[in-house]
A.B. asks: 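Please find one structure pasted underneath; my questions will follow.
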Amino acid sequence: MHRVLALCFDGVVAFDLTAPAQAFGTARDAAGRPLYEFSTCSVGGGEVWTTSGFGVRTEAGLEALERADTVVVPGYYTILSPPPAAATEALRAAAERGARVLSVCTGAFALAHAGLLDGRRATTHWRWAGELAARFPAVAVDPDALFVDEGEVLTSAGLSAGIDLSLHVIRSDFGA
């Protein structure tokens, strides 16, 4: 079973979390068996607040990243401040051991803070693309892309582009 883990920061955009959760969580093979196991984690392993004003109880702490096959970073509110060092280190470690890492919307900032976008093309929400490019000059930001697939590191533009990216990944893994 392919394990997909969403790393949630305080101020997570609920739609950016639920879109990949729905896509990966409902993907089935022809016999109706699930293709992915979807779960969540956070820095402290507890509840995080959404930009919609309600909390989300995550299932694990950062140690869960050690077992993830795919890591999803949904958009979050505090993108201009680096995530906690433990989170960026865990993201880097997951990528180094071969986990696929993808971001939805402003989740690209966490990947950039972790150095995972250096030397790669990437995208984010059009409103924040200029800021991403200015803060991270080693990233080739494409403000017009719906999503960017750079192999093991993938990024999507705004909210609904996260659905398109999730479906692209499922199609890449298991076919249409």
A.B. asks: For the SG atom of Cys105 and the CG atom of Leu17, what is their distance to the nearest 0.5 Å?
C.D. replies: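 If we round to the nearest 0.5 Å, Cys105:SG and Leu17:CG are 13.0 Å apart.
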A.B. asks: With a 4.5 Å cut-off on side-chain heavy atoms, are Glu89 and Leu62 touching?
C.D. replies: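 Not in contact.
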A.B. asks: Side chains of Leu117 and Val153: closer than 4.5 Å at any heavy-atom pair?
C.D. replies: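 Yes, side chains in contact.
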A.B. asks: Check Gly162 against Val104 and note the closest heavy-atom contact, atom names and distance.
C.D. replies: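 Heavy atoms of Gly162 and Val104 come nearest at CA-CG1, 3.8 Å.
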A.B. asks: Return the set of residues passing salt bridge (Lys or Arg N to Asp or Glu O under 4.0 Å) with Asp144 (not counting sequence neighbours), or none when no residue passes.
C.D. replies: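 For Asp144 there are no salt bridge (Lys or Arg N to Asp or Glu O under 4.0 Å) partners, ignoring immediate neighbours.
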A.B. asks: For the hydrophobic clusters of this structure (ILVMFWY residues joined by side-chain heavy atoms under 4.5 Å, transitively), does one cluster hold both Leu35 and Phe38?
C.D. replies: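 Per the 4.5 Å side-chain linkage, Leu35 and Phe38 are co-clustered.
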A.B. asks: Using every non-hydrogen atom in the two residues, find where Ala95 and Val101 come nearest and quote the distance to one decimal.
C.D. replies: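 Scanning both residues completely, I find the closest heavy atoms to be CB-CG2, 4.1 Å.
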A.B. asks: Could you measure the distance from the CD1 atom of Ile170 to the CZ atom of Phe24? Nearest 0.5 Å is fine.
C.D. replies: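 Reported value, rounded in 0.5 Å steps: 5.0 Å.
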A.B. asks: Nearest 0.5 Å please: distance from the CG atom of Leu7 over to the OG1 atom of Thr40.
C.D. replies: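 Rounded to the nearest 0.5 Å, the CG-OG1 separation comes out at 10.0 Å.
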A.B. asks: Which value, rounded to the nearest 0.5 Å, describes the distance between His125 atom NE2 and Ile79 atom CD1?
C.D. replies: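 Going from NE2 on His125 over to CD1 on Ile79, the span is 10.0 Å.
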A.B. asks: Using modelled atom types only, decide if a donor and an acceptor are shared between the side chain of Arg121 and the backbone of Glu150 within a distance under 3.5 Å.
C.D. replies: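 Checked: no pair found.
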A.B. asks: Test ring pair (Phe, Tyr, Trp, His ring centres under 6.0 Å) on Phe136 and His113 and set out the steps.
C.D. replies: CA-CA 8 Å; Phe136 301 98; His113 282 294; 4.9 Å; yes
A.B. asks: Ignoring hydrogens and angles, tell me if any N or O in the side chain of Asp16 forms a donor-acceptor pair with the backbone of Pro74 under 3.5 Å.
C.D. replies: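 Side chain of Asp16 to backbone of Pro74, a donor-acceptor pair under 3.5 Å: no, none is there.
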A.B. asks: Any heavy-atom pair between the side chains of Phe147 and Leu167 that's under 4.5 Å?
C.D. replies: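 With C-beta onward as the side chain, the pair stays apart.
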A.B. asks: Search all heavy atoms of Ala14 against all heavy atoms of Thr51 and return the closest pair with its distance.
C.D. replies: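 For Ala14 versus Thr51, the nearest heavy atoms are N-OG1, 4.4 Å.
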A.B. asks: Please check this pair: side chain of Glu37 against backbone of Met1, looking for a donor-acceptor N/O pair closer than 3.5 Å.
C.D. replies: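 Between the backbone of Met1 and the side chain of Glu37 there is no qualifying donor-acceptor contact (under 3.5 Å).
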A.B. asks: Okay, side chain of Arg33, backbone of Ala30: is any donor-acceptor separation there less than 3.5 Å?
C.D. replies: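 No; zero donor-acceptor contacts below 3.5 Å.
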A.B. asks: Does a side-chain heavy-atom distance below 4.5 Å link Thr70 with Arg3?
C.D. replies: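 The answer is no; the side chains never approach within 4.5 Å.
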A.B. asks: Report the distance from atom CZ of Arg67 to atom OG of Ser39, rounding to the nearest 0.5 Å.
C.D. replies: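 Going from CZ on Arg67 over to OG on Ser39, the span is 8.0 Å.
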A.B. asks: Just checking, is any N or O donor in the side chain of Ser42 or Thr58 under 3.5 Å from an acceptor N or O on the other one?
C.D. replies: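 Thr58 and Ser42 do have a side-chain donor-acceptor pair below 3.5 Å.
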A.B. asks: Testing the basics here: between Leu154 and His168, what is the closest heavy-atom pair and its distance to 0.1 Å?
C.D. replies: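 Leu154 and His168 have their closest heavy atoms at CD2-CD2, 4.1 Å.
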A.B. asks: Any heavy-atom pair between the side chains of Val73 and Phe9 that's under 4.5 Å?
C.D. replies: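 Yes; the side chains approach each other to less than 4.5 Å.
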A.B. asks: Could you tell me whether the side chain of Thr124 reaches within less than 4.5 Å of the side chain of Glu131, counting heavy atoms only?
C.D. replies: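 SC-SC contact between Glu131 and Thr124 ruled out.
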A.B. asks: Atom CG in Asp164, atom OG in Ser156: separation rounded to 0.5 Å?
C.D. replies: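 Reported to 0.5 Å precision, the distance equals 8.5 Å.
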A.B. asks: Side-chain contact, heavy-atom cut-off 4.5 Å: Leu5 with Leu65?
C.D. replies: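 Sidechains of Leu65 and Leu5: in contact.
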A.B. asks: Between the side chain of Tyr76 and the main-chain N/O of Pro83, is any donor-acceptor distance below 3.5 Å?
C.D. replies: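 Not at all, since once roles are kept as given, no pair shorter than 3.5 Å links the two residues.
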A.B. asks: For Trp128 and Phe109, take the angle between the two ring planes, folded into 0 to 90°, and tell me which bin it lands in: parallel under 30, tilted 30 to 60, perpendicular over 60.
C.D. replies: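 Taking Phe109 first and then Trp128, their aromatic rings stand perpendicular (interplane angle over 60°).
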A.B. asks: With sequence neighbours excluded, what pairs up with Thr26 under the side chain to side chain contact (heavy atoms under 4.5 Å, CB included) test?
C.D. replies: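 Thr26: side chain to side chain contact (heavy atoms under 4.5 Å, CB included) contacts with Gln22.
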A.B. asks: Is Val12 linked to Leu80 within one hydrophobic cluster, defined over Ile, Leu, Val, Met, Phe, Trp and Tyr using a side-chain heavy-atom separation of less than 4.5 Å?
C.D. replies: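 The answer is no; the residues belong to distinct hydrophobic clusters.
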A.B. asks: A quick test of your reading: do over 12 heavy atoms of other residues, nucleotides or ligands sit less than 6.0 Å from CZ of Arg127?
C.D. replies: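 At most 12 heavy atoms, drawn from other residues, nucleotides or ligands, come within 6.0 Å of this atom.
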A.B. asks: Closest heavy-atom contact between Thr123 and Asp142?
C.D. replies: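 Scanning both residues, the minimum pair turns out to be OG1-O, 2.7 Å.
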A.B. asks: Over 60° means perpendicular and under 30° means parallel, so tell me whether Phe174 and Tyr36 are parallel, tilted or perpendicular.
C.D. replies: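 Perpendicular, since the angle between the ring planes exceeds 60°.
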A.B. asks: Do Asp69 and Val4 have side-chain heavy atoms sitting under 4.5 Å apart?
C.D. replies: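 They are not in side-chain contact.
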A.B. asks: Quick one: does any side-chain atom of Ser81 pair with a main-chain N or O of Thr78 as donor and acceptor, under 3.5 Å?
C.D. replies: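 Judged by distance alone, no pair lies under 3.5 Å.
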A.B. asks: Taking all non-hydrogen atoms of both residues, which atom of Val71 and which atom of Ala94 are closest, and how far apart?
C.D. replies: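 Where Val71 meets Ala94 most closely, the heavy atoms are CG2-CB, 4.2 Å.
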A.B. asks: List in chain and number order the residues that pass salt bridge (Lys or Arg N to Asp or Glu O under 4.0 Å) with Arg100, two or more places apart in sequence or in another chain; answer none if no residue qualifies.
C.D. replies: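 Result, salt bridge (Lys or Arg N to Asp or Glu O under 4.0 Å) vs Arg100: Asp173.
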A.B. asks: Taking Phe54's backbone N and O only, do any of them form a donor-acceptor pair with Ser52's side chain (distance below 3.5 Å, no angle check)?
C.D. replies: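 Pair absent, no side-chain N/O of Ser52 close to backbone of Phe54.
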A.B. asks: Charged N to carboxylate O under 4.0 angstrom, Glu96 versus Arg92?
C.D. replies: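 No, no charged N to carboxylate O under 4.0 Å.
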A.B. asks: Testing Val141, Thr155, Leu165 one by one against Val148 for a side-chain contact (heavy atoms from CB on, under 4.5 Å), which residue passes?
C.D. replies: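 Looking at Val141, Thr155, Leu165, the match for Val148 under the side-chain contact (heavy atoms from CB on, under 4.5 Å) is Thr155.
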